[in-house]
Asker: 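Once you've had a glance at the structure underneath, I'll fire off some questions.
The first residue of the sequence shown is numbered 1, and numbering continues consecutively from there. Owing to the predicted nature of the structure, the values given are computational and were not obtained by experimental measurement.
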Amino acid sequence: MAERDQEWQGLCCRAAKKRLPVLRWLPKYSLQWLQLDFVAGLTVGLTVVPQALAYAAVAGLPVQYGLYSSFMGCFVYCFLGTSKDVTLGPTAIMSLLVSSYAFHDPTYAILLAFLSGCIQLAMGLLHLGFLLDFISYPVIKGFTSAAAVTIGFNQVKTLLGLQNIPRQFVLQVYYTFRRIGETRIWDAILGVFCLIFLVGLQQMKKGIPRIHQMERLYVRASHLIVWTATTARNALVVLFAGLVAYSFQVTGFQPFTLTGATPQGLPPFQPPMFSKVTPNGTISFQEMVQAMGAGLAVVPLMGLLETVAIAKAFASQHNYQIDPNQELLAMGFTNLLGSFVLSYPVTGSFGRTALNAQTGVCTPAGGLITGALVLLSLAYLTSLFYYIPKAALAAVIICAVAPMFDAKIFHTLWQVKRLDLVPLCVTFLLCFWEVQYGIIAGVLVSGILLLYPLARPQIKVLEHEALFIQPASGLYFPAIEFLRDTVQKQALSEPRLRSVILDCTHVSSIDYTVVLGLSELLHEFQRRRLSLAFVGLQSHVLQVLLAADLEGFYNFPSLKDAEKSIEEELCNASDILFNDGSESILPTSGIIQ
């Protein structure tokens, strides 16, 4: 009984550690880990605050919703996540999707987060993470590159201080260039200066050399100052721009377009609204769901894809394992609980995750520091956000999304496999029209390219005494008509009719449609007094064909045996026809050894 109790306790402990990964690292937590996690969490927090304000603008929502979306993932992922590096929060891609499906309405955005969380939780519990494998790399690259162009150009109008520009990409490009003469010169000067400053600090960070702990104190202090300045460059730019705007405000002249008033304080903890009251009446839950349409599939899937891809990349780089289905649960709970604090859908951020890893984070506990910093900003600093120029936030976004555009991928695919350029280009181009159309079209094109070899397998045809035909891959129902057409064209077309040896060495499985097609082919050969012999059938495939009891079916263990049997049958048939003109008698089915 005691052994059984211990075994049961062991099972419960393993199950708890699987569903609560925090139990794996918390008992081993040390003071050294705390120091590294604190620095990493603080560094990421200084990055996420200005980015959150900027990404809310991309989503078409008031800036405070970016901060509302930035802290729940930090706390949830600490307990449920399986990667030490990943940070969850608003991202450029997810903000673009929210802009497309939430119609710039916070009520729709919050409900979308709730429903996305429910869908992701269900997928995690049902272990459906494998569905992400059907989205190919060219489709992902096409989408992210198009998103980078869309988001980046969307900020040009803000950078130039242009007003009332349509959000549809093609119209946006047209009207931006048409109304370029209405540029607010002060916004443009500040925006361009912020861009130059950000790019300069970014390049400076790449050139910072590593220093040894034995270096002199002033060398290490200088290195720390430069590293901190380049790492927290977004916060520095926003702070600098805010101080400039405030200085002008004091003098009574304000040349910049400002962010404006931001509600102070933490968001209320309450369930999302499942209906919306408008001056024209109440929009029901069903109508809201119908309006979001494809977004209920696109948003959860793209969120999971982005998070799992980032987690796998950093797990491979730092030599640890992640659990994709547990990541699904972490994402689901983050979005579900986030909707109770007015969050829109979030996902893993590649930029902030890379920063987290570079800073030396040891456990997901670094997210607790990041989340606390966001909450402090909401509680005490929102009054200062009033003076942040929109042009500065636009510069932050442009610098954040620029690396997402991968121009090299087009050349790489041209060199490696040019056919993969088709789903890449289809996704890239259609995403400028509608995001969902680009993703769906890219997945469909990738599926067609995947299925085409199944429907049109390569078939080797060799001339022997009989015709030798060998499919180069398996036989599935889309391929049977192609195989029949090939056999009939090669062996049953006038003026020369020939028997056929069908080599099935590469056929690992067949279905009922293939069995019917082979039955009709055997009947056609019998009608013409020819032989169709099978060679190299695997045992389980042979059992299926024997169970079907096909008339005229017989299998040979080798090509030599099949050729010998067909030669004998041809000789016998010639003798019989010469003597009395009667038909040859062949076995109806069986195995010839």
Side-chain angles (χ1 to χ4, degrees), residues 21-22 25-26 28-52 55 70-71 73-79 81-91 198 200-213 215 217 219-239 306-307 309-320 322 330 346-377 396 399-400 403:
V22 65
W25 53 263
L26 188 59
K28 301 180 292 183
Y29 204 75
S30 65
L31 182 60
Q32 183 182 7
W33 285 7
L34 176 61
Q35 293 173 342
L36 292 170
D37 286 347
F38 181 84
V39 173
L42 187 63
T43 305
V44 174
L46 291 174
T47 301
V48 73
V49 171
Q51 281 191 344
Y55 289 147
S70 300
F71 63 86
C74 299
F75 298 126
V76 172
Y77 197 82
C78 178
F79 293 93
T82 58
S83 169
K84 72 179 181 65
D85 301 302
V86 167
T87 63
L88 300 182
T91 64
L198 284 168
L201 288 176
Q202 188 175 19
Q203 294 303 316
M204 186 186 298
K205 184 176 182 180
K206 294 179 181 178
I208 297 177
R210 292 187 176 183
I211 64 169
H212 197 272
Q213 290 294 328
E215 291 283 356
L217 179 61
V219 174
R220 285 185 284 135
S222 301
H223 182 274
L224 179 61
I225 292 172
V226 174
W227 181 87
T228 303
T230 54
T231 300
R233 57 186 178 274
N234 291 331
L236 286 178
V237 164
V238 170
L239 178 62
E306 195 171 1
T307 302
I310 292 169
K312 285 183 176 180
F314 282 89
S316 174
Q317 183 177 344
H318 294 94
N319 195 28
Y320 61 87
I322 68 158
V346 299
T347 183
S349 166
F350 185 86
R352 296 194 296 272
T353 298
L355 178 60
N356 206 25
Q358 291 167 5
T359 315
V361 72
C362 297
T363 70
L368 299 178
I369 308 301
T370 302
L373 190 60
V374 174
L375 291 176
L376 287 173
S377 299
V396 169
C399 285

Asker: Could you list the residues that satisfy side-chain contact (heavy atoms from CB on, under 4.5 Å) with V237, not counting sequence neighbours?
Answerer: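 Result, side-chain contact (heavy atoms from CB on, under 4.5 Å) vs V237: C194, F197, L198.
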Asker: If you round to the nearest 0.5 Å, how far is OG1 of T91 from CD of E306?
Answerer: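 Separation between the atoms: 4.0 Å.
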Asker: Run the ring-ring contact (aromatic ring centres under 6.0 Å, His included) test against F350 and tell me which residues pass, sequence neighbours left out.
Answerer: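 With neighbours one apart ignored, the set is F314.
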Asker: Among all residues two or more places apart in sequence or in another chain, which pass the side-chain hydrogen bond (donor to acceptor under 3.5 Å, both in side chains) test with T82?
Answerer: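 If we apply the side-chain hydrogen bond (donor to acceptor under 3.5 Å, both in side chains) test to T82, skipping adjacent residues, the hits are E327.
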Asker: For a quick test of reading the model, state the closest non-hydrogen atom pair linking A40 to N356 and the distance between them.
Answerer: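 For A40 and N356, the tightest heavy-atom pair comes out as CB-OD1, 3.5 Å.
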Asker: Once ring-ring contact (aromatic ring centres under 6.0 Å, His included) is applied, what residue pairs with a partner in residues 352-374 remain, sequence neighbours excluded?
Answerer: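 Sorted result for residues 352-374: empty, none.
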Asker: Does a side-chain heavy-atom distance below 4.5 Å link T359 with W227?
Answerer: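 Side-chain contact under 4.5 Å: yes.
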Asker: Of all the heavy-atom pairs spanning V238 and P50, show the shortest one and how long it is.
Answerer: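 Smallest heavy-atom distance, with atoms named: CG2-CB, 3.7 Å.
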Asker: Which pair of heavy atoms, one from C362 and one from L36, lies closest together, and at what distance?
Answerer: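 Shortest heavy-atom contact: SG-CD1, 3.4 Å.
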Asker: For R352, check side-chain hydrogen bond (donor to acceptor under 3.5 Å, both in side chains) against everything at least two apart and list the hits.
Answerer: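 R352 satisfies side-chain hydrogen bond (donor to acceptor under 3.5 Å, both in side chains) with Q51 only.
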Asker: Could you go step by step and tell me if V76 and L88 meet the side-chain contact (heavy atoms from CB on, under 4.5 Å) rule?
Answerer: CA-CA 9 Å; V76 172; L88 300 182; over 6 Å; no
Asker: Measuring from atom CG of L368 to atom CG of L373, what distance do you get when rounded to the nearest 0.5 angstrom?
Answerer: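 With rounding to 0.5 Å, CG (L368) is 12.5 Å from CG (L373).
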Asker: Could I get the full list of side-chain contact (heavy atoms from CB on, under 4.5 Å) partners for L239, not counting sequence neighbours?
Answerer: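 Residues passing side-chain contact (heavy atoms from CB on, under 4.5 Å) with L239: L243.
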Asker: For T353, check side-chain hydrogen bond (donor to acceptor under 3.5 Å, both in side chains) against everything at least two apart and list the hits.
Answerer: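 With neighbours one apart ignored, the set is empty.
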Asker: For Y77 and A330, work out which heavy atoms get closest and say how close.
Answerer: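 Looking at all heavy atoms of both residues, the shortest contact is CD1-CB, 4.0 Å.
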Asker: Return each pair, listed once, that meets side chain to side chain donor-acceptor pair (under 3.5 Å) where at least one residue sits in residues 362-377; pairs must be two or more places apart or across chains.
Answerer: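 Every side chain to side chain donor-acceptor pair (under 3.5 Å) pair that includes a residue of residues 362-377, provided the two are not neighbours, is D37-T363.
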Asker: Do any N or O atoms from the side chain of K205 and from the backbone of T231 form a donor-acceptor pair under 3.5 angstrom?
Answerer: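 Between the backbone of T231 and the side chain of K205 there is no qualifying donor-acceptor contact (under 3.5 Å).
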Asker: Return the set of residues passing side-chain hydrogen bond (donor to acceptor under 3.5 Å, both in side chains) with S83 (not counting sequence neighbours), or none when no residue passes.
Answerer: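 Here the qualifying residues are Y320.
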Asker: Using every non-hydrogen atom in the two residues, find where V346 and P90 come nearest and quote the distance to one decimal.
Answerer: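 Result for this residue pair: CG1-N, 3.8 Å.
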Asker: Judged by modelled atom types alone, do T307 and T347 share a side-chain donor-acceptor pair under 3.5 Å?
Answerer: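 Yes, T347 and T307 have a side-chain donor paired with an acceptor closer than 3.5 Å.
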Asker: List the residues meeting side-chain contact (heavy atoms from CB on, under 4.5 Å) with L375, not counting sequence neighbours, and say none if there are none.
Answerer: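 Applying side-chain contact (heavy atoms from CB on, under 4.5 Å) to L375 gives F71, F75, L266.
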Asker: Enumerate the side chain to side chain donor-acceptor pair (under 3.5 Å) contacts for residues 38-50, please, sequence neighbours excluded, ordered by first and then second residue.
Answerer: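 Qualifying pairs, neighbours excluded: none.
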Asker: Locate the shortest heavy-atom distance separating C78 from V22; write the atom from each residue and the value.
Answerer: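 It is O-CB, 3.8 Å.
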Asker: Could you measure the distance from the CD atom of Q203 to the OG1 atom of T230? Nearest 0.5 Å is fine.
Answerer: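 Nearest 0.5 Å value for the CD-OG1 distance: 11.5 Å.
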Asker: Taking only residues two or more places apart in sequence or in another chain, which ones pass side-chain contact (heavy atoms from CB on, under 4.5 Å) with L31?
Answerer: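 side-chain contact (heavy atoms from CB on, under 4.5 Å) list for L31, sorted by chain: L34, Q35.
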Asker: Could you check whether any side-chain heavy atom of P364 comes within less than 4.5 Å of a side-chain heavy atom of W25, counting everything from C-beta outward?
Answerer: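 They are in side-chain contact.
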